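What follows is a single structure, written as structure tokens, with notes after it.
Please read all numbers here as calculations on a predicted model, not as lab measurements. So you know, we letter chains A, B, ... as the sequences are listed, proteins then strands, and number each from 1.
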Amino acid sequence: MPETKPVVSSSRRGVAHRWNQTLIPTTREAPNDAEVPSHVLLHRAGFIRQVGAGIYDYLPLGLRVINRIASIVREEMDAAGACEMLMPALEPFELFEGTRRDEAYGDNLFRLKDRKGRLNALAPTHEEVITQLMIGAVSSYSQLPLNIYQIQTKFRDEARPRAGLLRCREFLMKDAYSFHMSVEGPGGLNETYDAMYRAYTNIFTRCGLDFTAVEAESGPIGGSASHEFMVNCASGEDTILKCPATGYAANVEKCEIGHRPHDLGGAPTGELTEVHTPNLPGIDEVGKFMGVKVPRLLKTIVFKSLVGSSALPGTPTWVLAVVRGDHEVNEGKVKTLAGVPVNMAPEAEARAAGFAIGYVSPRAVNAVPGTILLIDADAAQGGFWATGADKPDQHVKHFNWKRDVGEVLGNPDKVRIGDVRNAVEGDPSPRADGQKLVTGRGIEVGHIFKLGTKYSEAMGLSILNSQQTKQVVIMGCYGIGVSRTMAACVEMSHDDNGIIWPAAIAPYHVHLTLMKPEDDKQQRAAATIADQLTAAGIDVLIDDRPERAGVKFKDADLVGIPFRITIGEKALEQGAVEFKARRDSGKGEVVAQTDIVRSCLASING
RNA sequence: CAGGGUGUAGCUCAGUUUGGUAGAGCGUGUGGUUUGGGUCCACAAGGCCGCAGGUUCAAAUCCUGUCACCCUGACCA
């Protein structure tokens with residue numbers, strides 16, 4: 001007769017697995033494909049194996065970590081009032097055509113034909129599917145707000161998968177979508193957005209991650225309508241900036257820059273002199289060739305208005321953005337300051353209009369009709385400048401704003417000074433006078449976003465409100481890269497010997513090593529301890545392989561389970577075992593067998 | 001997509017320049033030895049040399065094509 005178990009239990013019993021009952025193929029060397037630490041260590045420790053570019057097996061240890069993260073995500077999402085469901089990964093292609101995301105995603109959208117020749121997509125994300133579902137499933141404002149999530153495999157045909165699990169073509173993601181009749185007030189988008197912000201903070205805190213929530217590029221609603229959750233880690237792909245005084249943090253695309261004084265009135269430093277600068281591919285080379293430091297060069301980028309001058313009289317056709325040579329133009333900030341949507345100008349069109357691409361100077365504002373000039377505050381200064389000569393293969397020295405651009409500088413319709421570049425370390429904080437921004441690197445593991453009505457409008461999700469008028473539903477979306485979180489954790493927490501898991505997402509809490517598994521006394525002690533630990537809710541990996549001590553210790557460090565119990569002859573004679581945290585060096589302390597469960601519990605929960 | 005690189009044993013790599021029977025270390029198996037931080041010794045198994053053409057008496061090696069994977073950049077709701 002099978003043992004019956006209560007359906008409902010208030011306590012969770014831990015599991016004890018023996019190394020040889022599971023699959024943990026550790027290796028001394030990593031495959032030469034693996035370069036970043038998380039990829040190397042997750043492979044060497046037997047958590048993942050690569051199947052193809054950006055496609056991985058999750059082996060038993062890897063899946064256990066994934067499941068730990070997923071269950072923390074579930075608990076916090078459920079606690080925040082969200083509700084789980086599951087959508088298909090395979091979808092009819094027309095869904096994406098309806099919202100034109102087939103174009104927006106382009107080649108990143110996996111397409112495949114079925115036997116009837118119909119085109120399908122493997123979903124990169126599920127706005128269309130859930131919106132379609134809601135159209136049929138929700139018919140009254142009284143059913144809203146709703147926040148629905150899933151944890152599911154996503155597909156993106158990345159141009160370049162890389163860095164192991166950090167940029168995959170197939171990956172595990174939690175995506176949530178919320179639906180509202182209003183932005184403000186009870187039941188509004190902002191309420192859920194804030195709840196998600198708190199839930200994400202709880203999730204990543206509980207996962208034991210060192211992270212920063214940063215403001216990201218705003219959605220259609222504006223304001224701080226998007227936040228990214230970044231694991232702080234020097235090897236991260238993304239740059240984040242923080243104000244040390246106020247806690248303001250933003251990604252590099254979004255980060256505002258505090259007040260910078262500017263002055264276009266400085267006296268000329270010399271005659272405007274042309275310099276022949278052929279075949280110099282970049283600004284660094286130009287500076288070197290001219291003998292001018294890059295921060296004394298002016299870089300002028302040509303943007304094209306997407307509105308066009310014919311639509312609205314007075315709207316510019318071309319937008320010039322001028323920054324110092326060592327700075328980077330920020331397209332979003334250009335749009336804001338220009339007041340019109342813009343794109344980087346297609347080179348051929350810009351040339352046809354009279355711009356000497358690669359050699360454009362601010363003077364082009366006077367030469368090409370329909371052009372406005374945006375000057376970054378750091379570029380709007382007196383003193384020596386070098387810049388393009390507005391003809392091929394020529395630059396100029398001793399450029400002077402007032403002399404060489406002239407009175408148009410005083411025309412606010414044509415020339416604006418402001419912030420059009422990416423923030424860099426040391427820029428003034430936008431939130432505290434006298435404070436300077438500091439930079440850090442991060443790995444994006446979560447992103448929350450106020451979608452607005454983009455999808456509901458495109459797909460026709462509208463509902464009668466209490467005034468009996470039809471209203472387009474307002475949406476938010478909230479993503480967490482679950483598999484990426486596992487990798488980001490390893491990037492953040494490892495040493496030369498292997499991974500160091502936070503207890504909350506470790507594959508097991510305790511690694512129990514038998515020095516002499518052939519010794520019955522040690523086997524009995526291991527069984528007893530494992531039984532006591534699991535009864536206390538602790539998950540245990542028992543390494544009773546007939547290997548030498550060194551092999552087992554090395555593997556234990558590599559796998560990175562946070563606490564290790566070693567059963568050896570000497571201590572066992574005194575009724576004791578050794579206990580050691582993975583993050584500590586040395587052999588650890590000798591603990592009486594009767595105290596070991598208490599020690600483990602205290603360490604794991606502490 | 002552009003530039004660069006690599007495909008040879010389960011893993012790391014040599015061999016390719018100069019064509020002539022497929023190599024090492026690690027790992028695996030067996031026997032012995034050792035036993036608290038990847039012991040030592042012996043023996044053994046294990047290869048469509050990415051794939052397809054071509055040149056040649058003969059191709060891992062030369063030529064052509066192709067595929068895969070990695071790196072840098074572009075791209076990345």
Side-chain angles (χ1 to χ4, degrees), chain A residues 25-36 39-40 43-44 46 49-56 96 99-109 123-128 154-164 166-169 171 173 175-177 216-220 225-226 228 237-238 251 253 281-282 331 344 443-444 446-452 454-455 475-481 484 496-498 513-519 522 543 545-558 564 566-572 577-578 580 585-588 590:
Chain A
T26 58
T27 64
R28 200 187 292 231
E29 282 179 290
N32 68 348
D33 285 354
E35 252 180 37
V36 298
H39 190 188
V40 169
H43 178 104
R44 286 193 52 213
R49 283 292 185 271
Q50 182 164 4
V51 176
I55 309 171
Y56 291 84
F96 287 95
T99 53
R100 311 197 62 164
R101 281 218 299 169
D102 55 328
E103 295 165 25
Y105 257 98
D107 288 338
N108 269 13
L109 188 61
T125 176
H126 281 74
E127 282 85 357
E128 285 85 358
K154 295 284 188 279
F155 297 88
R156 293 182 195 178
D157 197 357
E158 291 285 348
R160 187 150 92 79
R162 69 183 114 174
L166 291 175
R167 183 164 298 278
C168 280
R169 295 197 295 168
F171 58 98
M173 180 175 178
D175 49 326
Y177 307 90
E217 202 165 310
S218 301
S226 178
E228 290 171 348
E237 276 194 312
D238 300 307
N251 71 15
E253 286 79 28
E331 192 174 309
M344 187 77 98
I443 300 168
E444 181 189 349
H447 196 165
I448 59 177
F449 201 79
K450 295 182 185 176
L451 271 180
K454 178 177 174 184
Y455 294 93
M475 295 172 58
C477 70
Y478 319 94
I480 289 178
R484 182 187 274 187
D496 290 345
N497 295 318
T513 303
L514 280 72
M515 293 313 302
K516 286 198 171 114
E518 67 278 9
D519 178 353
Q522 294 195 11
D543 188 353
R545 291 176 298 167
E547 293 285 351
R548 296 174 61 82
V551 172
K552 289 191 276 197
F553 288 147
K554 285 283 186 194
D555 273 347
D557 285 345
L558 188 56
R564 187 159 84 205
T566 305
I567 299 181
E569 210 163 13
K570 272 187 196 151
L572 197 58
V577 294
E578 286 158 41
K580 171 185 174 302
S585 55
K587 282 183 74 174
V590 175

Round to a whole Å and report the spacing from [atom1] of [X] to [atom2] of [N].
| X | N | atom1 | atom2 | answer |
| --- | --- | --- | --- | --- |
| A:I567 | B:U35 | CD1 | C1' | 18 Å |
| A:R156 | B:A77 | CZ | C1' | 6 Å |
| A:E158 | B:A74 | CD | P | 14 Å |
| A:H39 | B:C71 | NE2 | P | 9 Å |
| A:E253 | B:A77 | CD | C1' | 13 Å |
| A:L109 | B:C76 | CG | P | 15 Å |
| A:F449 | B:A77 | CZ | P | 9 Å |
| A:R49 | B:G10 | CZ | C1' | 10 Å |

Atom [atom1], compared across [N] and [M]: separation rounded to whole Å:
| N | M | atom1 | answer |
| --- | --- | --- | --- |
| B:C41 | B:U34 | P | 15 Å |
| B:C49 | B:A44 | P | 23 Å |
| B:U64 | B:G27 | C1' | 38 Å |
| B:A9 | B:U28 | C1' | 11 Å |
| B:U16 | B:A60 | C1' | 7 Å |
| B:U39 | B:U35 | C1' | 8 Å |
| B:U8 | B:C69 | C1' | 15 Å |
| B:G19 | B:C57 | C1' | 12 Å |

Would you say that [X] contacts [Y] through its side chain, given a criterion of any heavy-atom pair below 4.5 Å between the two side chains?
| X | Y | result |
| --- | --- | --- |
| A:R167 | A:E237 | yes |
| A:K154 | A:H126 | yes |
| A:F171 | A:R484 | no |
| A:K552 | A:P517 | yes |
| A:D555 | A:E547 | no |
| A:R156 | A:M173 | yes |
| A:K516 | A:E569 | yes |

For a quick check of understanding: with a heavy-atom distance under 4.0 Å over all strands, which category does [X] fall into, base, sugar-phosphate or nothing?
| X | answer |
| --- | --- |
| A:E547 | nothing |
| A:R545 | nothing |
| A:A556 | nothing |
| A:R44 | base |
| A:D107 | nothing |
| A:A34 | nothing |

Partner of [N] by Watson-Crick or G-U wobble geometry, both contacts under 3.5 Å, or none?
| N | result |
| --- | --- |
| B:U34 | none |
| B:A14 | none |
| B:U21 | none |
| B:A44 | B:U28 |
| B:A9 | none |
| B:G65 | B:C51 |
| B:C1 | B:G73 |

Which of the following nucleotides, [options], is nearest to the side chain of [X]?
| X | options | value |
| --- | --- | --- |
| A:R548 | B:U35, B:C71, B:C70 | B:U35 |
| A:M515 | B:G25, B:G36, B:G38 | B:G36 |
| A:D555 | B:G38, B:G37, B:G73 | B:G38 |
| A:F553 | B:U72, B:G36, B:A77 | B:G36 |
| A:R169 | B:C69, B:U35, B:A77 | B:C69 |
| A:A159 | B:C75, B:C70, B:U35 | B:C75 |
| A:E35 | B:C69, B:G25, B:C70 | B:C70 |
| A:T125 | B:A77, B:A74, B:G36 | B:A77 |
| A:H447 | B:C71, B:A77, B:G37 | B:A77 |

Q: Assess the pair A:Y56 and A:H43: is the distance between their ring centroids shorter than 6.0 Å?
A: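 No, too far apart.
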Q. Which sits closer to the 5' end of RNA chain B, A:P31 or A:K552, going by the nucleotide each is nearest to?
A.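 Nearer the 5' end of the strand: A:P31.
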Q. Hey, which of these two, A:L558 or A:Q50, hits RNA chain B nearer its 5' end, going by closest nucleotide?
A.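 Here A:L558 is the residue nearer the 5' end.
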Q.
Is there, by distance only and without an angle test, a donor paired with an acceptor across the side chain of A:E569 and the base of B:G36 below 3.5 Å?
A.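 Result: no qualifying N/O pair found.
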Q.
Could you check whether the side chain of A:R162 and the base of B:C70 have a donor-acceptor pair of N or O atoms closer than 3.5 Å, going by distance alone?
A.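 Side chain to base: no pair below 3.5 Å.
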Would you tell me if any nitrogen or oxygen in the side chain of [X] comes within less than 4.0 Å of OP1 or OP2 on [N]?
| X | N | value |
| --- | --- | --- |
| A:R160 | B:U72 | yes |
| A:R28 | B:G27 | yes |
| A:N108 | B:C75 | no |

Q. Should we say atom CG of A:D107 is surrounded by more than 12 heavy atoms from elsewhere, each under 6.0 Å from it?
A.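 Count not over threshold, so no.
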